[in-house]
Amino acid sequence: AGCSSDGDDQERDVAVVVDDERCEANADLGTLTYVTGYHYQASVTQLEVMSAEALGYFDAVCLDIEIQPGNGDVMGNAQLVSAGTAHFTPTSNEAEILQAHERDHDIIGVATYGHVPISSLLTGPDVEDLTELEGQTLGHQSMLPAPLEAMLTEAGVDIDSIDQVEAGYDPSVLPRDQVQALAGFRSNEPHQLDAMGENYTEWLPEEFGVVGSFGVMAVNPEWAGENPEAVEDFLRATGRAFDHCADNGEECVAHAEELDEAGYDTEHNLAVWESESELVGSSTPEDRPRGHIDLSLTEEEAGTLVDVGELEEVPDLEPLFDPQYLEAVHTAAEIVWADDQ
Amino acid sequence: MSGDRIEVRALTKSYPGSDRPALAGLDLEVPRRRFVSLIGPSGCGKSTLLRVLAGLTSPDEGTVDLFGSGPRALCRAKAVGLVPQTPALLPWATVRRNVALPGRVNRRAGRGTDTVDELLEGVGLAHAARSYPHQLSGGMRQRVAIARAFALRPELLLMDEPFSALDEFTRESLQLQLLDLWQQRSTTVVFVTHSVQEAVALSDTVVVMAPGKVHRTVPVDLPRPRGTSAVTGPDARTIADTVRAHLRQAWDGGAAEPEPEPTGAR
Amino acid sequence: MSGDRIEVRALTKSYPGSDRPALAGLDLEVPRRRFVSLIGPSGCGKSTLLRVLAGLTSPDEGTVDLFGSGPRALCRAKAVGLVPQTPALLPWATVRRNVALPGRVNRRAGRGTDTVDELLEGVGLAHAARSYPHQLSGGMRQRVAIARAFALRPELLLMDEPFSALDEFTRESLQLQLLDLWQQRSTTVVFVTHSVQEAVALSDTVVVMAPGKVHRTVPVDLPRPRGTSAVTGPDARTIADTVRAHLRQAWDGGAAEPEPEPTGAR
Amino acid sequence: MSTTEHSPSPAAHDARPPRRRTRVPAWLHPRTWAPTAVLVALLAVAWQAVAREHPYILPELGEVGRTLVEEPSLFLENAWTTLFTALIGVLMGAGGAFVLALLMSELDVVRRALMPIAVVLNVTPVVAITPALVVAFGFGMAPKVVVTALITFFPVLINVTTGLRSVPGPVLDVFRTLHASRLEVLLRVRLPSSLPYTLAALRVVLPLSIVGAVVAEFVAAGSAGGLGTMIRNSAATARLDLVYAAIACLAAMGVTMLALVTALERRLLFWHESQQDPAR
Amino acid sequence: MSTTEHSPSPAAHDARPPRRRTRVPAWLHPRTWAPTAVLVALLAVAWQAVAREHPYILPELGEVGRTLVEEPSLFLENAWTTLFTALIGVLMGAGGAFVLALLMSELDVVRRALMPIAVVLNVTPVVAITPALVVAFGFGMAPKVVVTALITFFPVLINVTTGLRSVPGPVLDVFRTLHASRLEVLLRVRLPSSLPYTLAALRVVLPLSIVGAVVAEFVAAGSAGGLGTMIRNSAATARLDLVYAAIACLAAMGVTMLALVTALERRLLFWHESQQDPAR
Ligand SMILES: Nc1ncnc2c1ncn2[C@@H]1O[C@H](COP(=O)(O)OP(=O)(O)OP(=O)(O)O)[C@@H](O)[C@H]1O
Ligand SMILES: Nc1ncnc2c1ncn2[C@@H]1O[C@H](COP(=O)(O)OP(=O)(O)OP(=O)(O)O)[C@@H](O)[C@H]1O
Ligand SMILES: [Mg+2]
Ligand SMILES: [Mg+2]
């Protein structure tokens, strides 16, 4: 079952890598809940958590992590974390941390894995310029991601003239021509449309000079402040798992599939993982640890939010992101894992 | 076999889940325009016979011939009036609308009807025309059902203990109206009653039923119109006593369980 | 004002939405152990009076004293048996369970009851014990209701036209059982009927009602036990004629609408 | 030692002079509203206690009230959007179910053919097929109306079907001897007989239509307005005061609808046992 | 020229020898299943036509069938998850409603106090409060059960309340003279009288419980399995064959539940008008 956290049936030959005191303190916290963003999808910030559990890395840091599948509602998850029902949850990008903050949810980002926007805009193959979308319909999932809005603005599109609708998670609305443009994740919808054999054009925000991020791990700041070592060790274990999964995608996706009960599209998820982890690699500077937070980039991303009217002003970012947990478990770009030494 | 009578042959009817048949080979002949009373022990099948005649249930075996056609054909002609044993009024309709019902239902048949007000006055319910059934006493409800059956001036009038809940004088008045109707139109009346006296006073023939069968048919040879004297006279007495004797036989034979009878007549 | 009688004073009862009161200042006294028949035109308030006596409805004005207590107190003692005008059986229960009902309900009152089988045999329904009400004829249902009321051997037995759907002999047999019950126990019986003959045959007193009121009280001074001869004898005739005359008056006075009466007696 | 009972009291208020009844409307009497008022007050206190402890579960009532008062037109407009969808939906759903129930009760073939399909429709979670509905009906109001109609369809179908069969046998007998057509039996007997069931279904289904519209706004792509959209957006932004203010509007709509059905019942069912004097 | 009617036919099959009836079970007779079969076949053809044209609206039936057959255990397990939630939910919801209806029918105070609150609960779109429910009840089955219970509560409450009031007056009179306690009247008269209404409610609410469970799986965080989760995920990946295979499972569950209620009705309502010979 998805909520099983000890999985006694699995092989666990990983030794404890933290000292006894720390191990005891972590164990004393009892079961901690991580709620995924969307089901058991093999995204960055999800697959490595599921794999860390399966590979026994959480056991190695004496954390008892319970993995709960989310339903795709980021703000709902933010609410769960603020309320203390869950302890860790991913958000799609840093902007969502700001938005959650705007909405009085108490969460902060502790790691940002991708440093380019993951959103992309899909249109039919014959669209040559984004201004052609004026007067057309654009579909999104609950709201148009800020990077895409910024991209459209950059491209000189009069956004007000575009009819925006919520189109759900089924990308086939695009080839059906119910929408002429579709907001999506570049790791998701394109793969689906490819699988359907449909033609489309993908528009990437960075090509219009728009910066962004994806794959943010968030926690409740108050709880994290009280239990910094647990947050550190959570990041340690997932970082370790990321390393493993970067080379063993198939194995890790199989771990995710294990959790799922309702039918898992392995192929699609492997594609998601591979494209996202690749983006993480390519957007992380050589000398920085994976997941590092670059507040200057964040500032810029926040700026686009202000430009598109999502935010009134760029808030004080310091309190909303706390890189120290991640830094504490890395030396330079390498994760600290006692076993290795 | 001819169009001028009701002819029922070897009628058999068992209700599902019941061991004793309600009708067990019943034969009956009623010439047109005749007034026939059915009398018999409780549960002997009188209501069932009436339901078969009205085409409301079909017999397991046997034939029913009503003036050369079948029960359904006669209903189709709007020629059948039924007063069921329970008044069966529409609870959501006023007395007036309940009585007006036959005139409204199936207008195509277009049979003339008495005006509703006359009918209501006839049964002494003019003052209650706008009441609803739940505001009526038991006898008043029964009178509404009677008025409703009279409304069509039917060719065949089937009445199941219509006067059982009425006091003697109301009953007398309604009996007279029934006889009126019967004589003005060529109505044939099949009348179920438990009152031997009533049967003798009204009918041409009294059919005494034993469980599932006709036990005996007693002709009532009294002149008409029958005044109070004729009905209470010695001839009537004799006939009533005959009927009563047959009824007694039917009752004794039919009671499957010995009835506690202190007189020990059995 | 004393514990040995039913005393009803100045009873008034109007149903909402009705212009004529159902009871209009009715006075009645019934000594304990008396057998009283109520007779009166249809709709004159007999059932309403019974419902007041049973505590089922409360009068607008007037007092009800039942042997020194009120209707509810008497019901509480499980001393009231009611046979309503419609049988009111539980459709989902067998005949046997329907009759056994009073014994099961409110066991605390712990009044001895006849065995159900005896009761069923008494009303001639032993063979139908396992039938359901919808499988019974009208008269059979009525007999179930009677057996149910007998089951408690109540102190006050209120019967609303209990025998109306029964043939003469079944009726006779049940009358005898009723008298048995009445004599064995100190039962007081208030008995609504439309049969003058039945009223005279059974009761100590016949109360003739006019709409809303007691019109006249006729004592029946016939010796008991009353054999067939006593009931059909000249004394009985005289009493019956008296009752009938009063009933006629009540009927004439009460009928708000002129009834079509060809005899022109009015 | 005699006891006289002036009013033997199971039906005690029969005895009161009727004038009394008409003078003060029943609903003004404390007996009518006091229990609700007391319970509501208690719940409010409990609510506040929870709200103070767990701001993520419930908002404070004062806040909800303030939100409602501040922008009444916002709520009125959105309520109207939702109500409109709900009403059209229930009209189609309940209306269709009613007609179908009539057909089924008359034609056994129809019943046998359609009942299994109705059941399948009923267990199909509409939220699951809203994407398909949007594909089929576009982004406008249509898919929402369809969702509402689907949700309200089944309770009406079942109750009316049961009701149409609940006719006393002797009444049918009389109609049969009158050679009433099936249509006449249907209109004059079966339909009125089924009224208690139909009205019970309405009681269930009218509030349900509001839920249906809200759920549709929730899940159907392309919802610009309506209380459902408002609730979803407010929930996403953790504006619980807005969420519950919207729910309060929904509740008001639901209660009003039920009151209407109750009034209708009084008018139409005066003859039915269920409407007789409760003290009998 | 005389016509004799052997079987005057409105109740024609009364006349058939009863043996015939018992030998072939009714449901085996073509009369029973043919209409459904024909309509289903027609619908299947129409379905296929749409599916070929618009693969995004409906999947081809063959595919759905293949999906079902390929991994039966997947569907069985998820169906069981959903069914379990649904059953616990309906047990709580319908059970609670039943008990509350009893209380309401006996104690007017309870009715006046709780009815408005029940209405408010009924119009509260549960999807709107699932996040709060998850916060309140955690990730497990509890919030889903609560959603199901909330959805199934109201139809039972309304129907049972109406049913408990539908008792013929004279029967109550008899019980009153027997000085039956309120409890006895309730158990021996009101409850059996309300059965037709209660069973109609069950017919509505059992399939509804499945919908409730599915919706809950849809919207509540922490759903790893169940047909609702399956439908959501498959819809997101445009696997319409999986979606409709899951819906087919739901339909099968719903139809089975209804068949059970029908069987129950036959057993319990033999005495009620609605169960009498349809040809009377
Ligand atoms: N529920 C009611 N609402 C209004 N009026 C009623 C109601 N019940 C009875 N009545 C009226 O009260 C009067 C007396 O009725 P009641 O039933 O007592 O008569 P009854 O003497 O028993 O008549 P019957 O011999 O026909 O049974 C009648 O005029 C009747 O119309
Ligand atoms: N629906 C039914 N199911 C089973 N048995 C029935 C049904 N209706 C009537 N019977 C049985 O058929 C027999 C005849 O019933 P019927 O109603 O014809 O009698 P009846 O002569 O009218 O009696 P009563 O004078 O009491 O009205 C009875 O024994 C009765 O139990
Ligand atoms: Mg009969
Ligand atoms: Mg009466």
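Hydrogens, waters and symmetry mates are skipped; everything else that's a heavy atom, side chains included, is used. Below, read A as the first sequence line, B as the second, and so on, with proteins coming before strands; counting in each chain starts at 1.
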Next on the checklist: Which residues in residues 239-247 of chain B have any heavy atom closer than 4.5 Å to a heavy atom of chain C?
Outcome noted: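 Residues B:R244, B:L247 are the ones that qualify, each having a heavy atom under 4.5 Å from chain C.
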
Checklist entry - Does C:Q135 CD have over 12 foreign heavy atoms under 6.0 Å away? => result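 Yes, the 6.0 Å shell around CD holds more than 12 heavy atoms from other groups.
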
Checklist entry - Within a reach of under 6.0 Å around CZ of C:R130, are more than 12 heavy atoms found that belong to other residues, nucleotides or ligands? => result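 Counting other residues, nucleotides and ligands, CZ of C:R130 stays at 12 neighbours or fewer.
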
Checklist entry - Which value, rounded to the nearest 0.5 Å, describes the distance between B:R141 atom CZ and C:Q85 atom CD? => result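 Between B:R141 CZ and C:Q85 CD, I get 7.5 Å after rounding to 0.5 Å.
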
Given the options [options], which has more heavy-atom pairs under 4.5 Å with chain C than any of the others?
| options | value |
| --- | --- |
| B:G139, B:S164, B:S42 | B:S42 |
| B:E161, B:E168, B:R171 | B:E168 |
| B:S131, B:G45, B:S137 | B:S137 |

Item to check | Residue, of C:T193, C:L136, C:T86, C:L166, that accumulates the most heavy atom pairs under 4.5 Å with chain B | outcome: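 Looking at each option in turn, the highest pair count goes to C:L166.
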
Next on the checklist: If the test is side chain to side chain contact (heavy atoms under 4.5 Å, CB included), which one of B:C44, B:P41, B:S195 qualifies with C:D167?
Outcome noted: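 Considering B:C44, B:P41, B:S195, a side chain to side chain contact (heavy atoms under 4.5 Å, CB included) with C:D167 is found only for B:P41.
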
Next on the checklist: Using the ring-ring contact (aromatic ring centres under 6.0 Å, His included) criterion, which residues pair with B:F163? Sequence neighbours excluded.
Outcome noted: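 Residues passing ring-ring contact (aromatic ring centres under 6.0 Å, His included) with B:F163: B:F191.
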
